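A note on names: the letters A, B, ... follow the listed sequences, proteins ahead of strands, and every chain is numbered from 1. Side chains are part of it too, since the values below use all heavy atoms of this structure and drop only hydrogens, waters and symmetry mates. What you see is a predicted model, and the numbers here were worked out from it, not measured in a lab.
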Amino acid sequence: MRAKRYSISTLKETPSEAEITSHRLMIRAGLIKKTASGIYSWMPLGLRVLKKIEKIIREEMDTAGAQEVLLPAIQPAELWKESGRWDQYDEGLLLKLKDRHSRDFCFGPTHEEVITDLARTELKSHRQLPINFYQIQTKFRDETRPRFGVLRAREFIMKDAYSFHSDKASLEETYQLMHSVYSKILQRMELDYRPVEADSGSIGGNASTEFHVIAESGEDVIAFSTESDYAANVELAEAIAPPSETENMLEMEKVPTPDAKTIEKVSTLLEIPEEKTIKTLLVKGSETEIVALVLRGDHTLSSVKAEKLSSVASPLRMADPEEIMTALGCQIGYIGPCNLPFPVYVDRSAAAIRNFVGGANEDGYHIRNINWHRDSKIEAIVDLREIKVGDPSPDGKGKIRLKRGIEVGHIFQLGDKYSKSMKANVLNDSGKTTALQMGCYGMGVTRLAGAVIEQNHDESGIIWPHVLAPFEAVIIPINAQKSQKVFDKTEELYAELKDLGCDVILDDRDDVRPGVKFNEWELIGVPHRLVIGEKSLKKNKIEYTHRKKGEALEISKEKAISLIN
RNA sequence: CGGCGUGUAGCGCAGUCUGGUAGCGCACUUGCUUCGGGAGUAAGGGGUCGGAGGUUCAAAUCCUCUCACGCCGACCA
């Protein structure tokens with residue numbers, strides 16, 4: 001490739017929209033251009049990176065025996081109504097469309113319905129199983145707040161795979177295989193990543209693992225053990241019950257606490273630690289109007305854990321202040337666990353304390369020395385809170401610390417969730433009709449491009465891993481228009497590298513000064529740079545610089561070629 | 001979805017308060033000089049000032065509506 005005929009459009013200034021490094025660099029290097037909020041066009045340089053990501057994914061999926069298909073981007077509403085997700089899928093996220101006959105369609109945010117439909121017509125016998133189909137497809141999720149460039153875009157490219165099995169053991173086997181395939185893919189991209197126990201969210205099902213690329217800018221928080229391999233999304237990480245307190249129960253006492261509507265203020269006013277207070281959260285219930293969730297004052301509710309309670313309405317919604325006023329006659333800030341007219345679910349840690357402080361269900365008052373059972377009924381003791389730094393790891397080894405990550409992959413065991421609702425059955429080995437067991441495995445292709453940059457950059461720009469760089473090497477001649485020797489040597493080297501199959505670009509632009517070229521290629525992040533100028537040619541050398549190592553070496557052409565290959 | 005903010009040349013911005021010829025830097029075009037780290041110089045091209053309506057002799061500027069984009073928030077009980 002010659003730069004003279006190649007679209008390179010870098011920016012010196014950063015467009016104001018770009019908040020985080022990868023977004024800024026992708027725009028400045030001219031990899032992407034924004035077309036609308038959360039919708040990007042990929043320029044030639046950026047597309048080269050995407051293709052390389054896709055290539056690695058394809059190779060590993062194919063090696064694992066998965067078969068590539070291409071499913072429609074636009075999907076008929078009927079399938080989504082059959083699975084029940086037409087109305088249920090996180091409100092708004094699903095982009096709904098109508099055709100000219102005003103029939104309902106959506107732009108696929110994911111493809112469980114389509115593939116299950118395909119499976120029920122294609123798969124008839126257990127002898128066709130297990131089978132794993134994958135595709136690389138453009139998806140659309142109408143995020144409320146797209147941000148971070150390609151890391152949370154509305155339109156994005158994803159690799160999704162769906163496996164089908166006649167029993168759970170076979171599903172488990174493929175799930176484990178995909179676990180190792182994902183690890184291999186991320187290793188090949190030289191990423192620092194962690195597999196993380198996760199919530200399966202609206203897709204449904206049982207076991208699920210997220211693959212996170214570790215990055216400060218990540219939107220997810222991961223809880224790690226200091227001692228073991230344990231890692232889980234904070235939303236889900238189990239908070240172990242502390243030992244129950246044994247102090248003697250004291251008399252209950254109502255105390256005035258004007259204007260103390262937060263745990264912090266109550267704790268300061270009454271001179272007690274926050275660990276000796278509790279907060280009572282009222283949320284919408286599924287069977288009752290309202291359900292009370294009780295946490296220790298210093299703890300935070302995990303909305304994912306709360307939604308898992310069958311008596312809590314999903315998605316989680318807090319009760320309105322008016323509703324609370326009607327039910328209890330007090331404001332938010334004075335709610336307590338005593339004599340509540342709705343079921344009370346208590347977090348393990350909150351259940352373990354004695355003689356604690358809670359709201360009096362009367363404005364301006366709290367109660368001291370509340371004790372469970374004696375003063376307040378408990379529907380159940382459950383794990384409701386988010387895990388904190390320093391908590392014991394749920395596997396009993398070490399303590400918890402937190403890191404941020406970018407979710408680039410997510411694998412699930414869906415079981416028969418879709419096959420049951422959509423009647424995807426096969427005949428098993430004893431001739432009986434059974435619902436297909438299903439697994440699904442997603443990986444964000446466009447998101448990976450951004451995640452790689454988050455982990456690989458410096459002040460000058462992107463530092464691509466060799467396998468993903470838009471070009472492996474760039475040749476920059478100095479003053480080739482004046483020096484025939486430079487010109488000849490450049491062409492010779494270019495031809496040789498091309499013959500070796502190297503993905504090389506020759507920067508033959510004669511209207512661009514060397515300094516500009518250096519800066520541009522560092523911004524774009526090409527790993528190997530070869531500079532050819534009179535100075536080093538006199539010594540029969542050329543100048544080689546590795547993007548990451550930085551220092552320039554004067555070496556022979558042959559040596560440079562061997563460094564690149 | 002709620003709060004706040006911003007829309008002026010491809011990009012970054014000034015001008016808006018106090019109405020009166022639409023500007024600056026980068027980028028782009030042409031010439032000359034330059035050519036090892038985002039050159040200098042001269043001349044140029046490029047705008048329905050997000051859109052609609054209104055006030056006014058006159059609107060980028062004031063008023064109303066609307067659209068788009070961005071940031072923050074959506075577990076303070």
Side-chain angles (χ1 to χ4, degrees), chain A residues 8-20 23 27-28 30 33-39 90-93 142-148 234-235 257 260-267 274 277-283 290 292-295 297-307 315-321 323-325 327-328 330-337 340 347 357-361 363 366 384-386 460-461 476-483 486 509-523 529 531-537 543 545 552 554:
Chain A
I8 295 166
S9 57
T10 63
L11 292 175
K12 257 195 277 192
E13 285 171 298
T14 310
S16 55
E17 72 195 58
E19 270 283 299
I20 60 165
H23 190 195
I27 289 176
R28 282 195 54 214
K33 287 224 186 299
K34 188 172 80 173
T35 302
S37 175
I39 299 176
D90 294 352
E91 307 140 45
L93 226 51
D142 198 0
E143 301 281 351
T144 41
R145 200 178 147 208
R147 62 193 132 162
F148 305 146
V234 266
E235 292 176 337
T257 51
K261 293 166 75 173
T262 64
I263 293 295
E264 203 187 339
K265 282 186 183 160
V266 170
S267 139
E274 292 190 3
T277 67
I278 52 123
K279 53 170 102 166
T280 310
L281 309 176
L282 302 185
V283 302
I290 293 178
L293 306 176
V294 181
L295 300 169
D298 58 321
H299 286 152
T300 300
L301 179 70
S302 156
S303 54
V304 169
K305 289 178 182 176
E307 278 179 20
L316 183 72
R317 281 195 337 250
M318 307 305 285
D320 307 322
E323 261 180 291
I324 293 169
M325 188 53 82
L328 298 178
C330 74
Q331 295 176 48
I332 285 174
Y334 293 106
I335 307 171
L340 288 177
D347 179 68
V357 170
N361 295 324
D363 282 353
H366 279 74
L384 277 178
R385 71 174 177 96
E386 256 183 24
S460 313
I476 303 178
I478 304 292
N479 268 328
Q481 66 273 37
K482 278 194 183 161
S483 160
V486 168
R509 296 175 295 173
D510 42 26
D511 55 342
V512 178
R513 297 158 61 87
V516 175
K517 293 183 182 180
F518 295 150
N519 283 317
E520 284 194 325
W521 290 113
E522 277 163 22
L523 174 60
R529 184 182 80 190
V531 177
I532 300 186
E534 289 275 7
K535 265 193 290 182
S536 36
L537 272 191
E543 188 183 294
T545 313
E554 270 203 328

Could you give the [atom1]-to-[atom2] distance, from [X] to [N], as a whole number of Å?
X	N	atom1	atom2	value
A/Arg147	B/rG5	CZ	C1'	17 Å
A/Glu520	B/rC35	CD	C1'	15 Å
A/Lys265	B/rC76	NZ	C1'	9 Å
A/Ile332	B/rA77	CD1	C1'	6 Å
A/Leu293	B/rC75	CG	P	13 Å
A/Glu143	B/rA74	CD	P	17 Å
A/Asp510	B/rC35	CG	C1'	11 Å

RNA chain B: 5'-proximal contact among A/Lys261 and A/Phe148 (nearest heavy atom): A/Phe148
Between A/Gly38 and A/Glu386, name the one whose nearest nucleotide on RNA chain B is closer to the 5' end.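 Mapping each residue to its closest nucleotide by heavy atoms, the 5'-most match is A/Gly38.
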Among the candidates [options], find the nucleotide nearest to the side-chain atoms of [X].
X	options	value
A/Lys482	B/rG38, B/rG36, B/rC35	B/rC35
A/Ile263	B/rA77, B/rG38, B/rG37	B/rA77
A/Thr300	B/rC76, B/rC35, B/rC75	B/rC75
A/Glu13	B/rG37, B/rA77, B/rG25	B/rG25
A/Met318	B/rC75, B/rG37, B/rG36	B/rC75
A/Lys34	B/rG36, B/rC69, B/rA77	B/rC69
A/Asn519	B/rC69, B/rG37, B/rC75	B/rG37
A/Gln481	B/rC75, B/rG36, B/rC35	B/rC35
A/Ile478	B/rG70, B/rG38, B/rG36	B/rG36

Using a strict threshold of under 4.0 Å (side-chain N to carboxylate O), is an ion pair present between A/Glu554 and A/Lys535?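 Here A/Lys535 does not pair with A/Glu554 in a salt bridge, since their nearest N and O are not under 4.0 Å apart.
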List in chain and number order the residues that pass ring pair (Phe, Tyr, Trp, His ring centres under 6.0 Å) with A/His366, two or more places apart in sequence or in another chain; answer none if no residue qualifies. A/Tyr334
Remember a base hit wins even if backbone is also touched, and classify [X] as base, sugar-phosphate or nothing at under 4.0 Å, heavy atoms.
X	answer
A/Gln331	nothing
A/Arg28	base
A/Ile324	base
A/Val531	base
A/Gly359	nothing

Enumerate the protein-to-nucleotides 39-46 of chain B contacts in which both atoms are nitrogen or oxygen and the separation is below 3.5 Å.
residue	atom	partner	partner atom	Å
B/rA39	N9	A/Arg513	NH1	3.4

Checking A/Thr280 side chain against A/Val294 main chain: does a donor-acceptor pair fall under 3.5 Å?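 Not at all, since once roles are kept as given, no pair shorter than 3.5 Å links the two residues.
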Is there a donor and acceptor pair closer than 3.5 Å between the side chain of A/Thr14 and the base of B/rG12? no
Using a distance-only criterion (donor-acceptor N/O pair, under 3.5 Å, no hydrogens), is the base of B/rG37 paired with the side chain of A/Arg529?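 Per atom types, the contact qualifies.
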Least distance between heavy atoms, [X] atom then [Y] atom:
X	Y	answer
A/Val512	A/Lys517	O-CE, 3.4 Å
A/Lys305	A/Arg385	NZ-O, 2.7 Å
A/Ile278	A/Ile263	O-CD1, 3.8 Å

Hey, is the side chain of A/Ser37 poking within less than 4.0 Å of OP1 or OP2 on B/rG70, counting only N and O atoms?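 For A/Ser37, the contact criterion (side-chain N or O under 4.0 Å from OP1 or OP2 of B/rG70) is met.
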